[in-house]
Amino acid sequence: MDFNSLTFNAVYSANGKEFETHDLKNGHFEITLEVCGNCIYADIAPKTAVSFKKLCFELPYRYTRESRIFVNGYQSWTDSLEYSVGESMNELTKLTEFCITKTPIKAVGLPKSGDSLFHKFPRKSNLFYGWSYGYVRIGKDVTIFGSLDERSGFTCVTFDVDKNAVIIEKELEGVVFDSKKRILSFAVISGSYDEAFDEYFDKMGVSCRQSKHRTGYTTWYNYYGGITQEVVCRDLESIRNLDTKFDCFQIDDGYQAAIGDWLITDKKKFPSGMKHIADEIHKSGMEAGLWLAPFAGVPRSRLFKEHRDWFIKGKNGKPYKTGHNWGGFYSLDIYNESARNYIKKVFDTVLNDWGFDLVKLDFLYGACVLPLHNKSRGEIMCDAMDLLRECCGDKLILGCGVPLMPAFGKVDYCRIGSDISLKWERSKNIIREDVSTPHAVSNSIFRRHLNGRAWLNDPDVFLLRDNNIKMSFEQRKLLARVNDLCGNLLFISDNVSDYSPDKLKVLNETFAEKSIEIHSAQFVEADIMELDYSENGQRNKLRFNIRTGIII
């Protein structure tokens, strides 16, 4: 890549006025570029205090008709896939965008899991954007365009086919620069798919914390928040009676008195407490997992009622709603010392007193919905992940609902797609982070490059049961197959005592240890996905309609 052809554009404020410039050096700041092989670094030296409404670099790049363009969605749940030249991004409908950005729905927190409040969704063909990194693939070769560090601010990577350009833009809302600082570390890496991603992660200095493929069970997709000690112990007993090996048994949402009150167990639902549950799981020879949304608190929680000052505040000085789940929730300000101490106490209790081995940490994006304390969203998310790893020490973290790059190398496992639905269909007029089985499957396939490099991938659960589900058995088997091929954390959410022999067969085949290599994965025509892979040395292909879940 010839970085000498790079151009620059910025819209910024200084001394109370707004300016636009194409010059790296002007009366208000100077940006110095350093090229080192296939990497470029940019440092800013302000001459006066400046803030940026827009700061972007543009690189020329010539696309071809064969180009396939991958864009990485904002966080775990955001749709992420390859596009062909001539297509357009259409996952966010005009109606949904209008409702979540221009109506009172905006205030309830619905759009805050995504990027729609700080990035405009493109409404034209041949314009594709994502966050932190993306690539252009031609056949088996890719060119990755990727940030090496998001601590200065999230990096938006836009592929503009009509302009034959790649646009690198830093998201710097809320930051005033008054001293020298690095604002961009970026690489352009070409090679075969695996070679390029190996080099990219080597450039970042990121490695995977885990090598253990894990199987297990979670309560969520059968009972949701309606779990009880009786139900948990019953399903635990059912697993004990199987010959199938489960590594982990995870308790999801529903054990706590309220979101935020993680140390106050609902005594009606779990009269013996959570240490007892962890002990029972350990007696069954499994690791004990527990779900938490460590930054979240709902209005009815004791945490929120007694410590409103610990939470992120909007411009009006009042707590700022960071999501719509549970009727709306708020998020702790991780720079508030009392809030940090509370978070540390929660993890010390859960991991050391109760004895849980793994924590699933969810809704993590809430920490960075607003720029705070002269820090960008990207810097806040990086600091939040540092805090969580510090709190958990060597215990296992399963990340979820998190902007991905700040979590690279910080979590052991990570969700890389949306929650699955109990049916296989694409819903219309929803946000890009909403539940969707086709989106979950697509993300599992197109984010497979993160598996074994950033962490081990969690493709979300697969379900085999007949009750409380609207997928056909063939669709359920397909979901299990894709998860097995693309993931390393394979969880179910069924009472296995209800399994018939054919379901036990699929479970055992999916959980069995095997060697898998994916040679290619792509849309071969509209909605038709093809995976070319080897399993235990045997070459196979899987072709299916991602919209209908039907194998072809």
Side-chain angles (χ1 to χ4, degrees), residues 72 74-76 131-133 146-155 170-175 181-185 201-210 262 290-297 310-312 322 331-352 356-416 450 453-456 458:
N72 177 54
Y74 173 63
Q75 56 116 319
S76 298
W131 293 95
S132 302
Y133 72 99
S147 169
L148 299 174
D149 186 358
E150 296 290 69
R151 198 168 292 272
S152 65
F154 288 129
T155 308
K170 296 300 293 188
E171 198 283 306
L172 301 172
E173 181 185 347
V175 181
K181 188 173 183 178
R182 175 149 292 175
I183 54 172
L184 178 71
S185 302
F201 277 84
D202 184 61
K203 295 281 188 190
M204 283 188 285
V206 170
S207 59
C208 183
R209 291 178 53 86
Q210 271 294 319
W262 310 111
L290 191 69
W291 174 92
L292 301 156
F295 304 133
W310 293 1
F311 287 81
I312 293 170
T322 52
S331 292
L332 292 168
D333 179 350
I334 64 166
Y335 302 103
N336 181 294
E337 196 61 32
S338 296
R340 290 175 74 90
N341 288 336
Y342 172 71
I343 293 169
K344 290 176 181 179
K345 180 182 178 182
V346 167
F347 284 107
D348 183 51
T349 302
V350 168
L351 297 172
N352 299 319
F356 282 88
D357 310 288
L358 174 148
V359 281
K360 178 183 176 181
L361 306 183
D362 211 347
F363 294 87
L364 299 183
Y365 70 85
C368 72
V369 291
L370 282 183
L372 301 168
H373 313 303
N374 202 37
K375 297 176 186 293
S376 68
R377 290 179 174 89
E379 182 174 3
I380 295 168
M381 200 66 243
C382 289
D383 288 347
M385 296 312 301
D386 288 344
L387 173 62
L388 294 178
R389 178 42 69 188
E390 176 190 344
C391 290
C392 293
D394 291 330
K395 292 295 183 81
L396 299 172
I397 298 177
L398 165 56
C400 191
V402 61
L404 296 188
M405 186 173 284
F408 284 2
K410 298 292 175 60
V411 301
D412 300 273
Y413 301 88
C414 196
R415 174 75 70 75
I416 40 74
L450 300 176
R453 295 185 175 97
W455 46 58
L456 294 184
D458 168 23

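In what follows, every heavy atom counts, from backbone to side chain, and hydrogens, waters and symmetry copies are set aside.
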Using the test side-chain hydrogen bond (donor to acceptor under 3.5 Å, both in side chains), find all partners of D202 that sit at least two apart in sequence or belong to another chain.
none
With sequence neighbours left out, what residues match N374 under side-chain contact (heavy atoms from CB on, under 4.5 Å)?
V175, V176
side-chain hydrogen bond (donor to acceptor under 3.5 Å, both in side chains) filter on S185, not counting sequence neighbours, yields none
D383 bridged to R151 by N-O distance under 4.0 Å
yes
All ring-ring contact (aromatic ring centres under 6.0 Å, His included) counterparts of F311, not counting sequence neighbours
F304
Please check if the side chain of D348 supplies one atom and the backbone of K344 the other of a donor-acceptor pair under 3.5 Å.
no
Go through it in stages, so that I can follow the logic: the residues are L388 and L361, the test is side-chain contact (heavy atoms from CB on, under 4.5 Å), and I'd like the CA-CA distance, side-chain angles, deciding distance and then a yes or no.
CA-CA 9 Å; L388 294 178; L361 306 183; 4.0 Å; yes
Indicate yes or no: at least one non-hydrogen side-chain atom of S76 is less than 4.5 angstrom from one of C414.
yes
With sequence neighbours left out, the residues meeting salt bridge (charged side-chain N to carboxylate O under 4.0 Å, His left out) with R340 are none
Side chains of R415 and D362: closer than 4.5 Å at any heavy-atom pair?
no
With rounding to the nearest 0.5 Å, note down the distance linking OG1 in T322 to CZ in F295.
11.0 Å
Between I343 and P294, the two heavy atoms sitting closest are CG1-O, 4.1 Å
Is there a side-chain contact (heavy atoms from CB on, under 4.5 Å) between R182 and D149 once you walk through the steps?
CA-CA 10 Å; R182 175 149 292 175; D149 186 358; over 6 Å; no
Is any side-chain heavy atom of C208 closer than 4.5 Å to one of L456?
yes
Report the distance from atom CZ of F347 to atom CG of L292, rounding to the nearest 0.5 Å.
5.5 Å
By side-chain hydrogen bond (donor to acceptor under 3.5 Å, both in side chains), which residues pair with Y133, not counting sequence neighbours?
H449
Considering only residues two or more places apart or on different chains, which pairs with a residue in residues 365-406 satisfy ring pair (Phe, Tyr, Trp, His ring centres under 6.0 Å)?
W77-Y365, Y335-H373
Using distance only, find each side-chain donor-acceptor pair of residues 390-410 under 3.5 Å and give its atom names and separation, not counting sequence neighbours.
residue: K395; atom: NZ; partner: L351; partner atom: O; Å: 3.0
residue: K395; atom: NZ; partner: F356; partner atom: O; Å: 3.1
residue: K410; atom: NZ; partner: D386; partner atom: OD1; Å: 2.3

Only counting residues at least two apart or in another chain, list the ones meeting side-chain contact (heavy atoms from CB on, under 4.5 Å) with L372.
I312, D333, L370, I380
Holding to salt bridge (charged side-chain N to carboxylate O under 4.0 Å, His left out), I want the full list of residues that pass it with R389, two or more places apart in sequence or in another chain.
D412
F154 vs W131 aromatic rings, parallel, tilted or perpendicular, using cut-offs 30° and 60°?
perpendicular
Where do A367 and A384 come nearest, in terms of heavy atoms and distance?
CB-CB, 4.0 Å
To the nearest 0.5 Å, what is the distance between OH on Y413 and CG on D458?
10.0 Å
Ignoring hydrogens and geometry, is there a side-chain-to-backbone donor-acceptor pair from R377 to V369 under 3.5 Å?
yes
Rounded to the nearest 0.5 Å, what separation is found between the CH2 atom of W291 and the NZ atom of K360?
8.5 Å
Just by distance, with hydrogens left out, do K181 and S152 show a side-chain donor and acceptor under 3.5 Å apart?
no
side-chain hydrogen bond (donor to acceptor under 3.5 Å, both in side chains) filter on E150, not counting sequence neighbours, yields S132, S147, T155
All salt bridge (charged side-chain N to carboxylate O under 4.0 Å, His left out) counterparts of K345, not counting sequence neighbours
none
